[in-house]
Amino acid sequence: MPKNTYSITTTLPYVNADPHIGFALEIVQADVLARWHRLKGEEVVFNTGTDEHGQKIQAAAEKADMDPKAYCDEYAAKFHGLKEALDLTYTNFIRTTDEHHVKAAQEFWKRCDAAGDIYKKQYQVKYCVGCELEKTDSELVDGKCPIHPKLEVELRDEENYFFRWSKYQAALLKHYGENPGFVMPESRLKEIRSFVEGGLMDFSISRLKEKMSWGVPVPGDEAHVMYVWFDALVNYISTLGWPASGDFEKFWPGVQVAGKDNLRQQSAMWQGMLLSAGLPLSKQIFIHGFITADGQKMSKSLGNVVNPYDLVQAYGTDPVRYYLLGSLPAYEDGDYSRKQFEEAYAAKLVNGIGNLAARTATMVEKYCDAKVPAAVPDRFNTEDFWKAYEASLDRYHFDEAIRVLERYVTGVNQAIDLEAPFKKAKLGEDVAPFMYQLAEALRHIGTALLPVIPAAASRILAQLSIDPADVRLPEAEAWGGLKTGAVVKKGEILFPRLEAKS
RNA sequence: CGCGGGGUAGAGCAGUUGGCAGCUCGGCGGGCCCAUAACCCGCAGGUCGCGGGUUCGAGUCCCGCCCCCGCAACCA
């Protein structure tokens, strides 16, 4: 019997820059899933937070003449502010400087050590400060990191601890082979599989404290702190209270949402670490693409970085959520432009969902005395709609799910035209049965939208005298949920036209 | 032999297991008047980057090729 819990996490953004629209995409995707599973009655842990250790943070704090922790506090607050701006429902906000996380990272280290997977090695390594990663010769171009060619690759001659990643190559490949959906979309699983097939090199997991002190102390060795990745990845379980039992067993393994730049860390490094510690691997990893702006990569120098707070301020939370989920391809890179955003807003939200909600409520008010008439059978293939919608969401195919919903909306609009109840009413014909179908269809639309655009969806349901807190899936997916006699009341316009602003 | 993504209607994009090429915006012409000048129907507009191959049938599978984008501090 499957447990009735669900756990999902984003990656933890590194706190050396303001929140990025790409991270907004990631966390909204995770939020939709968290809300969706809550509607299904599951107990949900939804984790996010900030990654705060490492050389870059230490350097940035020094430059700002701040204590690293104070520097991190500032940034953590910026990320935490997304909760309100994007209407997020995360339950955990972990910071890798949190005391219990630090303890967990140390315990994790001990487990890997006990498994014989941590060893000391004298070595000379080429290290890119920009990536916080060591580079192999094959990764360098002209002796430089291809991602940070302006930085000199540092040659480091030191004794560090290493993690025996190579030991887990076969186990990882076996896991990928036996779990075809382990990394979604499938193309990303292929990508990581071929990377692992190419061979794994043990990676360094510590830094000399005298060179870099802003990190988790290595247990039993005063001279070293942990490499930032090693400590940060442990957050996915430290947030569940690990190594204490209870919530950990209850909620792990969980789902991880990450950007394509994080494929290797999430689906190979972290999984190798879990194998070493003797813990179950993640349940599933969903990899989203990047967002470009007007066809170009966002960068500060180009001045085209889209800030999620600005977008929300200009258009509102729900329109931003709907755009991120519905207008960008979930599986690949997508392009943002103001024009495209506003077009989508007008077409989908104003003319589509908003207008249908308004005309439906008005007609029931006019023709049925603002009360839900007696129930009649479905005419919109609502069951098929739910099936398709659910299948898309379960595959993290958010844009597809929204297309499915929009097709349903179109179907309802077509039926209104076909039935022309406004004509029949004038002729004295009984339009009550059709009014029921309309209002009930609107209930399904509002219900399906609850995870996506929660505020607007709640207002749609409120028009039908439904309290969103009472909505449960799959019960609410059945046709006929609207109660005869329930009051229907047209509310404020859901999505105002943008022209109205200027 | 670097890695990855992509080339489908004027623009922006969908196209699961190969089976009549779709969606949004824009253009044109109708309908409707319940609705946020919204909604519905129809028309115009495509050699699905190019060349081969497999197949009864290829946007979709295979081989070869061309072109575009990201992999530059910051940055998902």
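Values below: every heavy atom of this structure, side chains too, minus hydrogens, waters and symmetry copies. Quantities reported herein were computed from a predicted structural model and do not represent experimental measurements. In what follows, every chain begins at residue 1, and chains take the letters A, B, ... in the order their sequences are listed.
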Among B:A76, B:U36, B:G12, the one nearest any side-chain atom of A:Phe495 is B:U36
If you only use heavy atoms from C-beta on, which nucleotide in B:G70, B:C34, B:A37 is closest to the side chain of A:Arg359?
B:C34
Taking atom types as they are modelled, is there a donor-acceptor pair under 3.5 Å from the base of B:C69 to the side chain of A:Lys297?
no
Interatomic distance where CG belongs to A:Asp51 and C1' belongs to B:C75 [whole Å]
14 Å
Touch class at under 4.0 angstrom, heavy-atom based, for A:Arg403 against every strand present:
sugar-phosphate
Separation of atom CG in A:Asp333 from atom P in B:C68, rounded to whole Å:
18 Å
Nearest-nucleotide 5' precedence on RNA chain B, A:Thr292 against A:Glu400:
A:Glu400
Pairwise P distance, B:A11 and B:A76 [rounded to whole Å]:
34 Å
Does A:Ile21 reach a base, just sugar-phosphate, or nothing at all? Heavy atoms under 4.0 Å.
nothing
For B:A35, take OP1 and OP2 only and decide whether either is under 4.0 Å from a side-chain N or O of A:Lys366.
yes
Let me know, please, whether A:Met298 or A:Ala358 comes out on the 5' side of the other along RNA chain B by nearest nucleotide.
A:Ala358
Kindly indicate whether a cation-pi arrangement holds for A:Lys83 with A:Tyr90, taking the cut-offs as under 6.0 Å to the six-membered ring centre and within 45° of the axis.
yes
When you check the side-chain N and O atoms of A:His397 and A:Asp399, is any donor under 3.5 Å from an acceptor?
yes
For a quick check of understanding: with a heavy-atom distance under 4.0 Å over all strands, which category does A:Leu494 fall into, base, sugar-phosphate or nothing?
base
Side-chain ion pair, A:Arg395 and A:Glu400, N-O less than 4.0 Å
yes
For A:Glu26 and A:Thr11, which I'm curious about, is there any donor-acceptor pair between the side chains at under 3.5 Å?
yes
Measure the distance from CE on A:Met435 to C1' on B:C34 and round it to the nearest whole Å.
8 Å
Rounded distance (Å) that lies between atom P of B:C3 and atom CG of A:Asp261:
19 Å
Taking the same atom, P, in B:G19 and in B:C28, what whole-Å distance lies between them?
36 Å
A:Asn235 side chain to A:Arg95 side chain, donor-acceptor N/O pair below 3.5 angstrom:
no
Can you check the distance between B:C71 and B:U17, where both ends of the measurement are the P atom (answer in whole Å)?
31 Å
Rounded to whole Å, please give me the gap between CG in A:Asp18 and C1' in B:A76.
14 Å
Using the P atom as the point on both nucleotides, what is the distance between B:C40 and B:G18, in whole Å?
33 Å
Using a 4.0 Å heavy-atom cut-off, does A:Lys339 contact any base of the nucleic acid, only the sugar-phosphate backbone, or nothing at all?
nothing
Among side-chain atoms of A:Trp479 and A:His444, is any donor-acceptor pair under 3.5 angstrom?
no
Where the side chain of A:Ala347 is defined as all heavy atoms beyond and including C-beta, which of B:C39, B:U24, B:C75 is the nearest nucleotide?
B:U24
I want to verify a distance call: between B:A37, B:C34, B:A76, whose nearest atom is closest to the A:Arg497 side chain?
B:A37
Suppose you measure atom P in B:A21 against the same atom in B:G57; what distance do you get, rounded to whole Å?
15 Å
Nearest-nucleotide pick for A:Asn351, side chain only, options being B:G5, B:C39, B:U36
B:C39
Between A:Gln414 and B:C39, is there a contact of a side-chain N or O with OP1 or OP2 at under 4.0 Å?
no
When you measure from the side chain of A:Met363, which nucleotide among B:U36, B:C34, B:C39 comes out closest?
B:C34
A:Phe422 side chain, from C-beta outward: closest of B:A14, B:C34, B:C40:
B:C34
Select base, sugar-phosphate, or nothing to describe what A:Lys490 touches, counting heavy atoms under 4.0 Å on all strands.
sugar-phosphate
Please check the phosphate of B:C34 (OP1 and OP2 only) for any side-chain N or O of A:Lys426 closer than 4.0 Å.
yes
A:Glu332 CD to B:C69 C1': how many Å, rounded?
13 Å
Quote, to the nearest angstrom, the C1' distance that separates B:C69 from B:C61.
26 Å
Could you work out the separation of B:C48 and B:U8 based on their P atoms and round it to a whole Å?
11 Å
Under 3.5 Å for both donor-acceptor distances, Watson-Crick or wobble: does B:C71 have a partner, and if so which one?
B:G2
Between P of B:C75 and OH of A:Tyr336, the distance in whole Å
22 Å
Rounding to an integer number of angstrom, what distance separates B:G7 and B:C41 when you compare their C1' atoms?
33 Å
Of the nucleotides B:U36, B:C39, B:A76, which has the atom closest to the A:Phe23 side chain?
B:A76
For the side chain of A:Ala17, counting heavy atoms from C-beta on, which of B:C75, B:C34, B:A76 is nearest?
B:C75
Atom pair distance, as rounded to whole Å: CD in A:Glu186 and P in B:U16
12 Å
Nearest to the side chain of A:Asn262, which nucleotide is it out of B:U36, B:A76, B:C75?
B:A76
Would you call the rings of A:Tyr345 and A:Tyr315 parallel, tilted or perpendicular, where under 30° means parallel and over 60° means perpendicular?
tilted
Is a donor from one side chain sitting under 3.5 angstrom from an acceptor on the other, for A:Glu52 and A:Thr97?
yes
